Each structure stands twice: as C-alpha cells, then as structure tokens.
Amino acid sequence: MKEYEYSFKVKSIDPYIQYCDENGYTKEEETVQNRTLYRNVNKTMARITSKTKDGKTKTVLDFKDDNQADVVLKVSRETIPLEITPENEKAIESILDMLGYIKDKTLIRNRMVYKKGNVTFEIDKYDAPETMFVVAIEGEKGAVDKTYAVIKEKINNEIV
C-alpha cells in the first residue's frame, strides 16, 4: 500500500485544529503514542507503536520505506499493521533481529486525527526526542494536493 503525505513542522497546531473544525473534518481519534523506530540498511524501517486512549493501550508493528529526505511531500510504501500481544512479543523481537533491524529512536507524541472524504489530518505534539509540532495531510493524491495548497495559502506563516 502506498501512502501519499505532506508532512511539515509548524509553530503551533492550533490553526490546523481550527481549520479542521471550521471545514467539516471529523475528529476520529486522540491518542498518546510511543513509537520505536528500527532501521535497516535496505532503506526500510520497522515501527512498533503503542497507542493509549481512555486508559487502554494497543501496540502494533508495521513497516515503511525509510525516506529521510527533507521534503514536504513523501510517497512511501507502508504495510498493514500487525497487532503485538504478550504472546507474540518475543517472536516479533526475534524476527526484527533476524531481518537486521536496529533500534534507532523512540518518539513520544499526542496525536489528533481528523478526517473528511479522502483527506486525513494527523496533528502531532511531540514530547520526545524533542518538543515540536508536526502536521501531516495524507490520502488520495488530488484531494490532498488541493487541501495542502489551501493550507499553504491560509496558514503559511505557521509552517517552520
């Protein structure tokens, strides 16, 4: 599966939340996430993500192209997430080791997800490895391009 995404650092997430609220986006979820990244020399990364919502935590593993280019628009392959349970946790660690994935870093963030049609906003407040705000707009190419153009015109002064 391919992910089509604009992702950029911002000074504040407030204007993006306001944009979503004023333009008919539905808030789908708000979670605290702890994501550990594992990198491989084959330019892919494994991600173990724990999402906590309402006191309940779910942990998943997925893989994604490791595109570290400093560009706003990225098109990457991404797998469907696999749930990690206490029963399969050791097996997953063993598989990552066998395939040559090396632990890189852990991200801690609060994420809000807003959706409307073929467009999803992921609005993040990072606490680690550094404090920062990031907005991602992903989904169907045409709709995402159009939404990003509107955002860039209306809220450009907030982009870092």
Side-chain angles (χ1 to χ4, degrees), residues 1-51 53 58-82 96 99-160:
M1 160 169 84
K2 285 224 177 188
E3 176 183 70
Y4 187 83
E5 172 185 76
Y6 287 91
S7 180
F8 44 95
K9 287 183 182 181
V10 297
K11 297 174 191 171
S12 168
I13 57 175
D14 296 338
Y16 301 92
I17 294 168
Q18 182 178 348
Y19 175 85
C20 289
D21 289 340
E22 291 175 354
N23 288 280
Y25 285 80
T26 303
K27 187 176 189 180
E28 297 283 315
E29 75 176 9
E30 185 168 351
T31 57
V32 174
Q33 297 185 359
N34 185 320
R35 172 175 279 171
T36 302
L37 303 178
Y38 298 80
R39 299 195 187 279
N40 192 301
V41 295
N42 69 7
K43 298 294 184 190
T44 63
M45 65 179 150
R47 307 181 302 181
I48 295 180
T49 306
S50 295
K51 293 182 181 183
K53 180 180 176 181
K58 179 178 180 180
T59 303
V60 297
L61 165 70
D62 70 346
F63 296 85
K64 185 174 182 175
D65 287 328
D66 190 7
N67 182 350
Q68 295 188 57
D70 190 20
V71 294
V72 174
L73 174 63
K74 292 184 181 178
V75 180
S76 305
R77 295 174 305 153
E78 185 174 294
T79 66
I80 296 168
L82 173 68
L96 291 176
L99 295 175
Y101 283 88
I102 306 296
K103 184 176 179 179
D104 182 42
K105 62 183 165 186
T106 299
L107 312 172
I108 300 172
R109 64 186 176 201
N110 292 299
R111 169 168 281 180
M112 289 175 274
V113 177
Y114 288 84
K115 290 185 180 182
K116 177 180 166 187
N118 295 323
V119 177
T120 300
F121 273 80
E122 294 174 339
I123 302 173
D124 297 327
K125 177 190 172 291
Y126 282 83
D127 295 320
E130 63 183 287
T131 301
M132 66 180 166
F133 304 106
V134 176
V135 173
I137 307 169
E138 65 181 43
E140 187 272 322
K141 181 186 181 322
V144 170
D145 286 344
K146 183 178 175 182
T147 302
Y148 179 70
V150 169
I151 286 292
K152 193 162 165 98
E153 181 180 315
K154 287 187 174 188
I155 319 176
N156 190 38
N157 62 328
E158 287 294 323
I159 297 174
V160 176

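Side-chain atoms are counted along with the backbone in the values below, which use heavy atoms only and exclude waters and symmetry mates. Just so you know, these numbers come straight off a predicted model, no measurement behind them.
- Counting only heavy atoms from C-beta outward, the side chains of Ser7 and Val72 never approach each other to under 4.5 Å.
- Using a 4.5 Å cut-off on side-chain heavy atoms (C-beta onward), Tyr126 and Thr131 make no contact.
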Going through the distances and angles, do Asp62 and Lys64 end up as a salt bridge (charged side-chain N to carboxylate O under 4.0 Å, His left out)?
CA-CA 7 Å; Asp62 70 346; Lys64 185 174 182 175; over 6 Å; no
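- Ionic pairing of Glu5 and Lys74 is not present here: no N-O contact between side-chain nitrogen and carboxylate oxygen is shorter than 4.0 angstrom.
- When side chains are defined from C-beta on, Glu78 counts as touching Arg47, because their heavy atoms get closer than 4.5 Å.
- With sequence neighbours left out, Phe121 forms a ring pair (Phe, Tyr, Trp, His ring centres under 6.0 Å) with Tyr19, Tyr25.
- Between the CG atom in Leu37 and the CD1 atom in Ile102 there is a gap of 13.5 Å [rounded to 0.5 Å].
- Ring centroid separation for the pair Phe8 and Tyr148 comes in under the 6.0 Å cut-off.
- The structure places OG of Ser50 at 10.5 Å from CD1 of Ile108, a figure rounded to the nearest 0.5 Å.
- Side-chain contact, Tyr101 with Thr44: a donor N or O sits under 3.5 Å from an acceptor N or O.
- Screening Lys51, Arg111, Lys115, Lys58 against Glu29 for a salt bridge (charged side-chain N to carboxylate O under 4.0 Å, His left out) leaves a single residue, Lys51.
- With sequence neighbours excluded, the residues satisfying side-chain contact (heavy atoms from CB on, under 4.5 Å) with Leu82 are Ile92.
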Given the rule in the side chain to side chain contact (heavy atoms under 4.5 Å, CB included) test, do Tyr6 and Asp145 qualify, once you have shown the distances and angles that lead to the verdict?
CA-CA 8 Å; Tyr6 287 91; Asp145 286 344; 2.7 Å; yes
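- Within the 4.5 Å cutoff, side-chain heavy atoms of Ile17 are placed close to those of Ile123.
- In this structure, the salt bridge (Lys or Arg N to Asp or Glu O under 4.0 Å) partners of Arg109, at least two apart in sequence or on a different chain, are Asp124.
- Qualifying salt bridge (Lys or Arg N to Asp or Glu O under 4.0 Å) partners for Asp65, counting only residues two or more places apart in sequence or in other chains: Arg77.
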Evaluate the criterion side chain to side chain contact (heavy atoms under 4.5 Å, CB included) for residue pair Thr147 and Asn23; output intermediate values, then yes/no.
CA-CA 11 Å; Thr147 302; Asn23 288 280; over 6 Å; no
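- The closest donor-acceptor contact from the side chain of Thr31 to the backbone of Gln33 lies at 3.5 Å or more, if one exists at all.
- Residue pairs meeting the ring pair (Phe, Tyr, Trp, His ring centres under 6.0 Å) criterion with at least one partner in residues 28-51, sequence neighbours excluded, do not occur; the list is empty.
- Within a 6.0 Å sphere centred on NZ of Lys27, other residues, nucleotides and ligands contribute more than 12 heavy atoms.
- Rounding to the nearest 0.5 Å gives a distance of 12.0 Å between OH of Tyr16 and CZ of Phe133.
- Partners of Asp104 under the side chain to side chain donor-acceptor pair (under 3.5 Å) rule, at least two apart in sequence or in another chain, are Arg39.
- With a 4.5 Å cut-off on side-chain heavy atoms, Thr106 and Arg35 do not count as touching.
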